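Shown next, in structure tokens, is the structure this report addresses.
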Number of protein chains: 4
Amino acid sequence: MFIREEKMTTFTKTEYMAKKFSDKQMHILDVAEELIAQKGFEGTSVRDISTKANINVAMISYYFGSKEKMMASLYQYRVLKTRENFSEFADTIKNGKPEMQMKEMIKYIVNQLFKYNYFHGFVTQELRHTESLKDELMEFYQLFVRKLDEVIKKGVTTGVFTFTPKAEDLLTTVIGSTLFVIRNKNFYELYVPHKDAESYQKEAEKKVKMNLLMSVFALLGYASE
Amino acid sequence: MFIREEKMTTFTKTEYMAKKFSDKQMHILDVAEELIAQKGFEGTSVRDISTKANINVAMISYYFGSKEKMMASLYQYRVLKTRENFSEFADTIKNGKPEMQMKEMIKYIVNQLFKYNYFHGFVTQELRHTESLKDELMEFYQLFVRKLDEVIKKGVTTGVFTFTPKAEDLLTTVIGSTLFVIRNKNFYELYVPHKDAESYQKEAEKKVKMNLLMSVFALLGYASE
Amino acid sequence: MFIREEKMTTFTKTEYMAKKFSDKQMHILDVAEELIAQKGFEGTSVRDISTKANINVAMISYYFGSKEKMMASLYQYRVLKTRENFSEFADTIKNGKPEMQMKEMIKYIVNQLFKYNYFHGFVTQELRHTESLKDELMEFYQLFVRKLDEVIKKGVTTGVFTFTPKAEDLLTTVIGSTLFVIRNKNFYELYVPHKDAESYQKEAEKKVKMNLLMSVFALLGYASE
Amino acid sequence: MFIREEKMTTFTKTEYMAKKFSDKQMHILDVAEELIAQKGFEGTSVRDISTKANINVAMISYYFGSKEKMMASLYQYRVLKTRENFSEFADTIKNGKPEMQMKEMIKYIVNQLFKYNYFHGFVTQELRHTESLKDELMEFYQLFVRKLDEVIKKGVTTGVFTFTPKAEDLLTTVIGSTLFVIRNKNFYELYVPHKDAESYQKEAEKKVKMNLLMSVFALLGYASE
DNA sequence: CATGAATGAGGGTTCATTCAT
DNA sequence: AATGAATGAACCCTCATTCAT
């Protein structure tokens with residue numbers, strides 16, 4: 001049987017993904033991701049997922065062993081994809097000045113969160129026995145922290161930044177504020193001029209980015225122009 | 001029958017509460033709150049609640065109509081209690097200087113979140129048909145925004161603050177950062193020196209407060225001492 | 001909830017039973033007993049049982065906790081009833097001569113097995129983690145062994161029996177032979193003249209009793225006058 | 001397709017087997033037999049079998065049509081093998097004296113049962129639509145009965161046996177008692193001195209043989225020595 | 001006013017089997 | 001001739017809720 005033998009062969013999306021998930025599995029994970037984002041893990045039944053994914057109910061157990069293991073896979077899947085994405089991004093800014101790097105990083109993080117926000121923090125609340133999973137996300141956060149720290153130090157060295165706030169605190173503020181905005185749409189939209197739901201999304205993202213840039217650069221004691 | 005007639009009678013705890021919830025209901029809500037904080041809404045069964053509250057299973061339906069309606073009540077209950085609490089707090093700082101008021105407000109908010117964090121944001125993810133509920137929380141957030149705005153304006157007027165960041169952005173940063181720290185313990189504890197789980201809680205709270213004070217006062221252009 | 005609180009109150013059938021099972025439970029057990037006798041434990045679904053017992057599927061879990069625990073209850077129930085029945089029987093022969101006692105015991109055992117045969121030995125084959133259950137049946141068998149032993153000894157003492165075969169071997173032969181006849185109807189009926197299925201049952205019981213009486217008394221070296 | 005055309009081809013093990021089962025089928029049956037002996041028919045899944053037999057899950061359906069039909073084949077297979085084995089055995093005693101023949105037959109039957117006990121009687125309990133299968137076993141039992149009858153008659157004729165118990169009753173006692181011992185290990189081991197699980201098996205077999213020899217020869221009125 | 005028994009719907013999972021290859 | 005992916009039915013169990021008392 002598929003799962004028991006842990007045999008996973010075909011791969012197409014990317015070389016990296018291929019090592020872990022088949023196309024069918026990725027399809028299921030994509031669907032599951034969307035539903036879980038909306039209704040939570042316990043609120044999403046395997047029947048919901050299988051219906052939306054146009055597969056048989058049994059397939060979730062078949063492909064992942066159980067619903068909970070599917071969740072673990074989804075987790076890894078998302079971390080994998082995000083990490084991959086980040087390393088691509090990191091390349092694009094590696095030659096810039098610290099202030100530009102910092103600015104781009106903040107914009108990048110907010111950007112990503114607006115796309116995959118549901119995913120951050122949901123493990124903490126819903127899954128049990130998932131220490132190893134959390135570790136993966138933690139490693140990922142630490143990647144950000146290291147990168148931020150690097151930029152801060154460089155900026156201070158080159159004299160463009162005055163203070164050295166803790167990188168983990170910057171990250172906390174950036175991710176935390178963004179997630180709050182995303183998850184409290186009803187609140188934030190009161191302060192964001194917008195015509196419709198779609199334009200709100202764009203304007204909210206712009207506003208939170210501005211806020212965070214202000215915050216972070218203020219903390220860094222950055223003397224603009 | 002009880003629910004259908006929406007008959008709610010006795011009241012003792014406080015005049016304010018009394019208008020909405022009986023003692024029994026409040027007892028159930030207190031228990032439910034604790035469990036839901038731990039295991040989420042879907043993860044908490046009415047049997048869990050009734051067992052822990054030493055009441056019959058049927059009572060949740062009996063008193064609130066359904067589990068979901070109980071949740072709505074819990075929501076209102078928490079908003080009511082928090083609002084009440086906040087108005088008490090507001091009194092204690094009403095005569096202070098703006099910088100003190102700002103500092104105390106940040107500390108207060110972080111404090112409350114460490115106690116009742118589960119509650120913020122869970123509606124978005126888990127409950128349906130809850131627009132009216134969200135409104136209550138929104139009103140509450142706006143209360144904060146107004147107060148913050150008031151303090152900012154006063155500080156700018158008296159010359160102690162240089163800039164006028166948006167109050168909603170300050171609140172976003174404060175609540176967002178705090179919730180992130182609470183919900184990503186595994187991450188944040190890497191940067192918080194602590195001996196045990198209990199001491200962590202205290203240290204984490206201290207660190208996030210410090211971070212937020214720095215952030216906010218930097219944004220305000222506050223020239224300390 | 002019923003099961004979790006282990007609260008069982010009403011009792012009617014007999015004082016003894018009452019301590020353990022409610023009427024509803026006994027009804028379910030009676031139905032389950034019949035079905036399991038026909039199709040085995042794994043072959044009988046809780047739906048089969050609930051349908052036949054005219055109750056909701058959920059009731060099996062509700063009353064017993066799980067299907068497996070229901071099985072355990074059935075086991076105890078049967079042992080309880082059998083033990084009770086046996087002690088009544090034992091009274092009726094307590095003043096007889098050894099040869100009469102032996103004869104009556106054999107007839108009694110065969111009799112009971114024709115009624116409740118399915119029950120003997122099914123635990124061994126189908127249930128796991130049931131050591132304590134087996135113990136109950138074992139104690140029950142030992143009750144027989146002790147009684148048989150007592151009769152043998154008395155018979156030898158009074159000179160009516162010549163040999164002293166082991167009581168456990170007698171019991172083995174009696175129970176084993178009877179169960180074999182019951183469970184291999186297709187075989188035994190070849191040698192039992194009978195008109196229809198009902199008359200067969202009677203004739204088979206008669207034949208196996210005769211066979212066992214001959215065997216046992218031969219082993220005892222009983223010189224029938 | 002294979003099954004539907006009832007096409008069974010190669011044969012190697014023995015001429016007799018060859019008529020019915022291919023090597024692959026026999027391999028599957030051997031594995032299935034072992035598992036079913038341990039866990040029962042319903043307790044054994046086709047996956048268990050296919051895994052242990054190192055074949056694809058689909059093969060059971062492929063080779064036998066269904067799990068139930070596989071069971072029927074297993075049944076025939078076992079009867080065939082046993083019958084074959086018995087005819088070999090019968091040869092070895094065909095020239096002996098009746099008392100020796102009787103003794104050897106009893107020992108032989110007990111022996112075989114200790115090896116293939118699971119198989120006797122399980123059809124009654126677990127399989128449906130198996131009248132034809134039972135017939136095969138019945139024929140087999142009748143083979144024993146005829147042989148026993150022959151020996152009894154010969155013994156009576158030669159004067160070594162005094163009585164003429166019914167052969168079917170002897171067989172009933174022999175098989176029944178043995179199966180009871182095997183299936184009620186927990187009971188019988190109380191009376192069998194043994195050091196470990198393995199030695200028990202041997203000692204139990206010895207004890208039941210002794211018991212049966214005593215019983216049968218007592219019934220036959222055999223004057224030993 | 002409150003209860004405990006009972007319900008039906010739906011939960012995740014396993015099963016024997018089928019089907020395209 | 002044989003496989004592995006996929007299926008749908010059935011499994012046991014838990015759920016929130018209802019109802020008679």
Side-chain angles (χ1 to χ4, degrees), chain A residues 1-5 7 9-10 22 24 42-50 54-70, chain B residues 1-3 7 9-10 22 24 42-50 55-70, chain C residues 1-5 7 9-10 22 24-25 42-50 54-70, chain D residues 1-3 7 9-10 22 24 42-50 55-71:
Chain A
M1 203 270 252
F2 196 43
I3 279 304
R4 288 181 191 161
E5 300 175 4
K7 180 169 52 169
T9 48
T10 60
S22 73
K24 284 270 165 77
E42 306 247 25
T44 304
S45 75
V46 294
R47 275 177 182 79
D48 290 344
I49 298 169
S50 63
N54 264 97
I55 53 159
N56 190 278
V57 233
M59 298 312 291
I60 272 94
S61 287
Y62 178 66
Y63 275 123
F64 301 99
S66 72
K67 186 193 178 191
E68 191 134 299
K69 282 180 188 157
M70 180 210 69
Chain B
M1 205 271 253
F2 194 54
I3 279 305
K7 177 172 55 168
T9 50
T10 59
S22 74
K24 286 251 166 129
E42 304 258 14
T44 302
S45 74
V46 292
R47 265 184 187 74
D48 290 344
I49 297 169
S50 63
I55 55 160
N56 189 275
V57 241
M59 298 310 290
I60 273 95
S61 289
Y62 181 65
Y63 274 124
F64 300 98
S66 73
K67 187 192 177 190
E68 193 134 298
K69 283 180 188 156
M70 179 211 71
Chain C
M1 203 271 252
F2 197 41
I3 279 305
R4 289 179 191 162
E5 301 173 4
K7 179 168 54 167
T9 49
T10 59
S22 73
K24 284 270 165 78
Q25 284 179 312
E42 306 247 24
T44 304
S45 74
V46 293
R47 269 178 187 76
D48 291 344
I49 297 169
S50 63
N54 263 96
I55 53 160
N56 189 278
V57 234
M59 298 312 291
I60 272 94
S61 287
Y62 177 67
Y63 275 124
F64 301 99
S66 72
K67 187 193 177 190
E68 193 135 300
K69 281 180 189 156
M70 180 210 69
Chain D
M1 205 272 253
F2 194 63
I3 278 306
K7 176 170 57 170
T9 50
T10 58
S22 72
K24 287 249 166 129
E42 304 258 15
T44 303
S45 73
V46 293
R47 266 184 186 74
D48 290 344
I49 298 169
S50 63
I55 54 160
N56 189 277
V57 242
M59 299 310 291
I60 272 95
S61 289
Y62 180 65
Y63 274 123
F64 299 99
S66 74
K67 187 192 177 191
E68 192 134 298
K69 282 181 188 156
M70 180 212 70
M71 202 59 203

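Heavy-atom basis, side chains included; hydrogens, waters and symmetry copies ignored. Letters go in sequence order (proteins before strands), and every chain restarts at 1. From a predicted model like this one, the values you see are computed outputs, not experimental measurements.
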**Nearest-0.5 Å distance, CD1 of residue Ile60(C) to CD of residue Gln25(C)** = 11.0 Å
Give me the distances for all protein-to-nucleotides 9-11 of chain F N/O pairs that come in under 3.5 Å?
from    : atom 1 : to       : atom 2 : distance (Å)
dC11(F) : OP1    : Ser45(C) : OG     : 3.4

**Complete:** Phe64(B) atom CZ is separated from dT17(F) atom C1', nearest whole Å, by 15 Å
**Request:** Could you state the atom-to-atom distance from CD1 of Ile60(A) to C1' of dG8(F) in whole Å?
**Result:** 14 Å
**Message:** What is the separation between atom CD on Glu42(C) and atom P on dC12(F), rounded to the nearest whole Å?
**Reply:** 9 Å
**Asked** Stem ranges for DNA chain F, with three or more consecutive Watson-Crick or G-U pairs under 3.5 Å?
**Response** E:2-21 with F:2-21
**Prompt:** Given atom CE of Met59(C) and atom P of dG4(E), what is their separation to the nearest angstrom?
**Reply:** 15 Å
**Request:** With sequence neighbours left out, write down each residue that passes side-chain contact (heavy atoms from CB on, under 4.5 Å) with Lys69(C), or none if nothing qualifies.
**Result:** Ser66(C)
**Asked** Atom NZ of Lys67(D) and atom CD1 of Ile49(D): how far apart are they, to the nearest 0.5 Å?
**Response** 6.5 Å
**Complete:** Atom CD1 of Ile55(C) and atom P of dC13(F) are separated, to the nearest Å, by 13 Å
**Separation of dG10(E) C1' from Ile49(A) CD1 (nearest whole Å)** = 15 Å
**Prompt:** Is the backbone of Ala58(A) close enough, under 3.5 Å, to the side chain of Ser61(A) for a donor and an acceptor to pair up by distance?
**Reply:** no
**Prompt:** Does Lys24(B) have a side-chain nitrogen or oxygen under 4.0 Å from the phosphate oxygens OP1 or OP2 of dC1(E)?
**Reply:** no
**Request:** Let me know the distance between CD of Glu68(C) and P of dC12(F), rounded to the nearest Å.
**Result:** 11 Å
**Request:** Please state whether the phosphate of dA5(E), meaning OP1 or OP2, lies under 4.0 angstrom from any side-chain nitrogen or oxygen of Tyr62(C).
**Result:** yes
**Complete:** In short, Asp48(B) meets Gly43(B) closest at the heavy-atom pair OD2-O, 4.0 Å
**Request:** Determine, step by step, whether Met70(D) and Tyr63(D) satisfy the side-chain contact (heavy atoms from CB on, under 4.5 Å) criterion, reporting the C-alpha distance in whole Å, the side-chain angles of both residues, the deciding distance to 0.1 Å, and the verdict.
**Result:** CA-CA 8 Å; Met70(D) 180 212 70; Tyr63(D) 274 123; over 6 Å; no
**Asked** Starting at CG of Asn54(A) and ending at C1' of dT7(F), how long is that distance when rounded to a whole Å?
**Response** 14 Å
